Amino acid sequence: MGELTFAGMDGIIILTVFALIMLVIGYFSGRGEKNIHESLSGYYLASGNLGFIALFFTLFATQYSGNTIVGYAPSAYRTGFSWLQSISFMTIIIGVYLLFAPRLYVIAKKRNFVTPTDWLQHRFNSKGITIVAIFLMLWGLGNYLLEQLVAIGQAVSGMTGGTIPYQVAVIAFVLVMLAYEWMGGMKAVAFTDVMQGIVLLIGIIFFVTGGVYLAGGNFSDVTRFITETEPAKTAVPPMEVNINWFSMLVLVGLGASIYPHAVQRIYAAKSEKTLKKSFARMAWMPLLTTGLVFFVGIIGLKLFPGLEGNESEQLVGLMANKIAAINPFFYWIMIVFFGGIVAAIVSTADSVLLSFSSLISNDVYGKFINPGATEHKKVMVGKIIGIIAIFGLLWIAWYPPGTLYEIFVLKFELLVQVFPAFVLGLYWKRLTSKPVLWGMILGAIVAGMLTFTGHKTVFGIHGGIIGLALNFLICIGGSYLASTSVSKNKILEEDMNAVSLKA
């Protein structure tokens with residue numbers, strides 16, 4: 001995000017305060033509650049007892065991060081007004097949640113699910129589907145966690161004016177994150193999400209306010225300037241860009257809605273009413289987050305014209321330096337805000353790590369390596385493997401590959417291949433295991449080959465969407481052809497009936 005030349009020692013003090021608050025939250029979250037460390041549900045789902053405020057903010061932190069500001073504003077700067085898609089793809093995620101979350105919640109509570117693949121195993125009773133889904137979800141989580149580690153290093157280094165080097169910043173806050181997550185599990189994660197969510201919302205409002213002030217106090221002047229100097233960024237996009245936009249909507253809308261850590265928050269809701277209320281409020285958040293971040297990037301085109309490539313990645317820091325110089329009020333707002341950005345990135349990383357650990361402990365270890373292990377042992381295995389995994393990712397984050405946006409896109413190409421099995425399985429009783437398995441495998445192979453051979457898009461369509469189309473075709477076509485010989489799943493019938501009664 002660039003160096004914040006105004007911060008220095010004040011930035012270090014604010015970061016220290018945020019780190020201490022996180023540690024205190026972790027300590028009190030785990031204190032006196034043995035169930036947190038003795039059961040999978042207690043540690044990974046806060047015993048399914050998250051109320052409205054905690055659930056809303058932890059869902060908010062799952063969908064948005066400090067990286068939303070650090071990474072999306074430069075994307076708006078480089079792309080122009082067509083980056084309005086960032087608002088729409090965050091909105092569509094909520095719509096997809098509402099498509100399946102209430103239905104899944106009823107079944108999950110009845111069957112005591114802990115991880116997303118608990119649902120897939122229950123629905124299809126197929127080791128192959130479970131293994132492939134675990135791999136795809138771990139891939140998505142690993143990429144997402146890598147993205148957050150890179151962002152932590154950039155944010156802390158930038159906020160302290162380079163006083164704390166990138167590598168030291170990553171290690172320091174990873175240790176803080178591991179400490180409070182170890183102590184409090186999902187409960188600690190949810191309460192840190194509340195803290196960072198409030199700071200992030202207030203901070204971005206003041207950031208945009210300061211940016212508009214510096215740009216002359218009139219957004220129409222900004223638009224006029226861009227039209228005169230870079231007309232392509234205000235013009236109607238060409239057809240391929242429009243296709244790419246729609247492709248991104250589908251990729252992110254379907255992929256982000258089945259983030260393992262997002263699904264586990266569905267499981268963790270105190271009640272179905274709490275879940276629906278949280279999603280209803282979340283519907284407004286794209287305008288208050290990605291919408292305002294979009295304006296940051298557009299305003300930056302007037303304040304700092306001509307930034308190219310990696311230079312544009314420094315936009316947020318460059319703007320913050322100018323905003324902080326307005327007066328002492330904005331100075332301290334910027335320091336606290338950027339401390340909140342760091343906390344938000346850490347908070348997103350802890351959610352991803354918690355979910356990663358749960359897949360290892362409950363799915364890999366609990367289902368395939370040692371099915372007879374106690375829940376306490378499974379939790380410990382998840383914690384330890386999670387620590388090993390994050391230090392493996394740290395080695396990659398030491399020299400980060402590409403821009404944050406490129407890392408962001410990478411994780412969806414494979415993760416989205418789980419969507420047909422996950423959501424179609426909730427609605428179509430005749431969906432069968434073999435087509436689902438081969439749909440996931442072949443869809444992932446196509447998406448992976450296109451992505452890793454440099455063909456991220458074909459005529460504007462993402463490789464993940466091409467793989468997903470093949471995936472859907474195999475799932476639906478294969479299940480339809482096999483439907484006449486498939487007997488009814490009595491357990492699934494009971495689940496569907498339970499959902500119908502709830503509705």
Side-chain angles (χ1 to χ4, degrees), residues 1-25 57 60-61 64-74 148 150-166 168-174 176-177 180 192-215 288-289 292-293 295-297 299-300 303-304 313-349 404:
M1 70 178 177
E3 290 188 1
L4 306 182
T5 56
F6 64 86
M9 184 54 66
D10 290 335
I12 294 174
I13 292 171
I14 290 296
L15 288 174
T16 303
V17 170
F18 273 110
L20 290 174
I21 292 173
M22 291 177 182
L23 291 171
V24 169
I25 288 174
F57 277 106
F60 174 74
Y64 305 95
S65 164
N67 182 50
T68 305
I69 298 166
V70 176
Y72 283 21
Q148 302 311 310
V150 172
I152 289 171
Q154 291 180 346
V156 175
S157 178
M159 185 173 176
T160 60
T163 303
I164 300 178
Y166 170 87
V168 174
V170 175
I171 292 175
F173 273 90
V174 161
V176 171
M177 177 185 71
Y180 73 73
T192 56
D193 289 345
V194 174
M195 174 195 70
Q196 62 90 355
I198 293 172
V199 173
L200 215 58
L201 283 173
I202 295 173
I204 188 60
I205 292 171
F206 281 106
F207 194 96
V208 173
T209 302
V212 171
Y213 171 80
L214 291 172
L288 294 175
T289 48
L292 293 179
V293 173
F295 283 121
V296 169
I299 292 168
L303 296 179
F304 300 96
E313 289 285 306
Q314 314 302 314
L315 176 67
V316 176
L318 293 171
M319 287 184 66
N321 289 327
K322 276 202 168 188
I323 293 170
I326 294 174
N327 57 42
F329 174 78
F330 274 101
Y331 172 83
W332 283 106
I333 284 290
M334 287 299 99
I335 288 180
V336 174
F337 176 46
F338 277 85
I341 287 178
V342 174
I345 297 170
V346 174
S347 192
T348 301
L404 291 173

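Here the structure is a predicted model, which means the values were calculated and not measured. Only heavy atoms go into these numbers, but all of them, side chains included; no hydrogens, no water, no symmetry mates.
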- Minimal heavy-atom distance between G300 and M319, with the atoms involved, is CA-SD, 4.0 Å
- Sequence neighbours excluded, which residues qualify as ring pair (Phe, Tyr, Trp, His ring centres under 6.0 Å) partners of Y64? F60
- Query: Would you say the side chain of I69 lies within less than 4.5 Å of the side chain of I341, judging by non-hydrogen atoms?
  - Reply: yes
- Task: Locate the shortest heavy-atom distance separating F173 from V346; write the atom from each residue and the value.
- Result: CD2-CG2, 3.8 Å
- How many angstroms lie between atom CD1 of I333 and atom CD1 of I326, to the nearest 0.5 angstrom? 11.5 Å
- Quick one: list whatever passes side-chain contact (heavy atoms from CB on, under 4.5 Å) with I171, sequence neighbours left out. L175, W398
- Within-4.5 Å side-chain heavy-atom neighbours: Y331 and D10: yes
- Message: Tell me every residue that passes side-chain hydrogen bond (donor to acceptor under 3.5 Å, both in side chains) with S347, counting only those two or more places apart in sequence or in another chain.
- Response: D193
- ring pair (Phe, Tyr, Trp, His ring centres under 6.0 Å) against F329, all qualifying residues, sequence neighbours excluded: F206
- Message: Within the structure provided, determine whether F295 and V212 are in side-chain contact (heavy-atom separation under 4.5 Å).
- Response: no
- Query: Taking side chain as C-beta onward, heavy atoms only, is Q196 less than 4.5 Å from M22?
  - Reply: no
Below 3.5 Å, can you tabulate the donor-acceptor pairs from side chains in residues 12-20 to any protein atom, sequence neighbours excluded?
unit_1 : atom_1 : unit_2 : atom_2 : d
T16    : OG1    : I12    : O      : 2.8

- Item | T348 OG1 to M177 CE distance, which is reported to the nearest 0.5 Å | 11.0 Å
- Message: Please evaluate residues L201 and T289 with respect to the criterion side chain to side chain contact (heavy atoms under 4.5 Å, CB included), reporting the C-alpha separation (whole Å), side-chain torsions for both, the decisive distance (0.1 Å), and the verdict.
- Response: CA-CA 7 Å; L201 283 173; T289 48; 4.0 Å; yes
- For F337, the ring pair (Phe, Tyr, Trp, His ring centres under 6.0 Å) test, sequence neighbours excluded, returns F207
- Item | Beyond-backbone contact of Q314 with F304, side-chain heavy atoms, under 4.5 angstrom | no
- Item | Which residues share a side-chain contact (heavy atoms from CB on, under 4.5 Å) with V168, sequence neighbours left out | I164, P165
- Note on the structure: With sequence neighbours left out, the residues meeting ring pair (Phe, Tyr, Trp, His ring centres under 6.0 Å) with Y180 are none
- Query: From I205 CD1 over to I202 CD1, what is the distance, rounded to the nearest 0.5 angstrom?
  - Reply: 7.5 Å
- Item | Gap separating the CG atom of L200 from the CG atom of L292, nearest 0.5 angstrom | 10.5 Å
- Take V296 and I204 through the side chain to side chain contact (heavy atoms under 4.5 Å, CB included) test and state the conclusion after the steps. CA-CA 9 Å; V296 169; I204 188 60; 4.1 Å; yes
- Query: What are the two closest heavy atoms between A73 and V316, and how far apart are they?
  - Reply: CB-CG2, 3.8 Å
